[in-house]
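Because the structure is a prediction, the values reported are computed rather than measured. Basis for what follows: all heavy atoms, side chains included, without hydrogens, waters or symmetry-related copies.
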Amino acid sequence: MKFFIIGPEGSGKTTMLAMLSRYVATERNDLVLEPVDFETSEYVVATHQALEKGDWPAMTVQAKLQTLQWRFGLRDAPLHEIVMFDAAGQDLRPILLKDDRAKLSDEQRAIRIQIDAADVLVFLLDLKGFLGTKDLKIINENAWLFKTFLT
């Protein structure tokens with residue numbers, strides 16, 4: 001089974017998976033949650049280091065699409081896949097909206113293919129930022145992402 005996690009920057013995608021991986025590594029010997037590649041492993045380590053210092057992990061850099069991948073499941077069973085890409089909210093728009101994949105970059109097209117192939121899509125949204133801001137640009141961006149995700 002393939003899970004795909006998506007959401008705008010600041011919604012907690014990286015923090016959730018970093019904290020979950022630490023919990024599994026220290027508290028559960030029957031579960032596996034491990035990075036698939038060096039890039040994901042490095043990203044999780046940087047997130048843990050920021051959280052240990054009491055800092056929030058660094059915000060996503062606009063126009064930088066970073067695919068992060070984990071394997072998870074019961075230790076003695078076939079493992080499932082979690083894929084997440086870290087992107088600023090405005091960078092999600094062309095990936096989610098464009099029906100004509102020829103207009104997407106190779107990287108955007110690869111991400112869209114992964115989204116379409118997922119068995120489960122998880123959309124995270126920062127509700128405080130969604131409901132608690134008066135900034136119309138942030139409200140509109142989050143509302144658009146939420147509506148697009150639901151459709």
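- In this structure a side-chain-to-backbone donor-acceptor pair under 3.5 Å is present from R75 to L31.
- For the atom pair T47 OG1 and E42 CD, the distance stands at 11.0 Å (nearest 0.5 Å).
- In this structure, the side chains of L33 and I82 come closer than 4.5 Å at one or more pairs of heavy atoms.
- Cluster annotation: L79 is not connected to F3 through the hydrophobic network of ILVMFWY side chains, with a link wherever side-chain heavy atoms come within less than 4.5 Å.
- Remark: R22 engages H48, E52 in a side chain to side chain donor-acceptor pair (under 3.5 Å) (not counting sequence neighbours).
- Looking at residues two or more places apart in sequence or on another chain, you find a side chain to side chain donor-acceptor pair (under 3.5 Å) between D106 and R109.
- Clustering ILVMFWY residues whenever any of their side-chain heavy atoms sit less than 4.5 angstrom apart, transitively, puts Y43 in the very cluster that holds Y23.
- Taking both residues in full, the closest heavy atoms of P35 and S41 are given as CB-N, 3.6 Å, listed atom of the first, atom of the second, then distance.
- F4 has its side chain within reach of I111: a pair of non-hydrogen atoms, C-beta onward, lies under 4.5 Å apart.
- Few gaps surround CG on D30; more than 12 heavy atoms of other groups in view lie less than 6.0 Å from it.
- Rounding to the nearest 0.5 Å places OG1 of T67 at 6.5 Å from CD of E107.
- V36 and V24 fall into different hydrophobic clusters, where Ile, Leu, Val, Met, Phe, Trp and Tyr side chains are chained together by heavy-atom contacts under 4.5 Å.
- By the 30° and 60° cut-offs, the orientation of the rings of H80 relative to F72 is tilted.
- Side-chain contact between V44 and L17 is absent, with no heavy-atom pair separated by less than 4.5 Å.
- Note that CH2 of W70 and CD1 of I5 are 7.0 Å apart. Values are rounded to the nearest 0.5 Å.
- In this structure the side chain of M19 reaches within 4.5 angstrom of the side chain of L51, judged on heavy atoms.
- Put simply, CD on Q69 and CD on E39 are 9.0 Å apart, with the number rounded to the nearest 0.5 Å.
- To the nearest 0.5 Å, atom CD of residue E81 and atom CG of residue D119 are 9.5 Å apart.
- Hydrophobic clustering (side-chain heavy atoms under 4.5 Å, transitive across Ile, Leu, Val, Met, Phe, Trp, Tyr) groups M1 together with L20.
- Residues I95 and R112 have side chains in contact (heavy-atom distance under 4.5 Å, counting atoms from C-beta outward).
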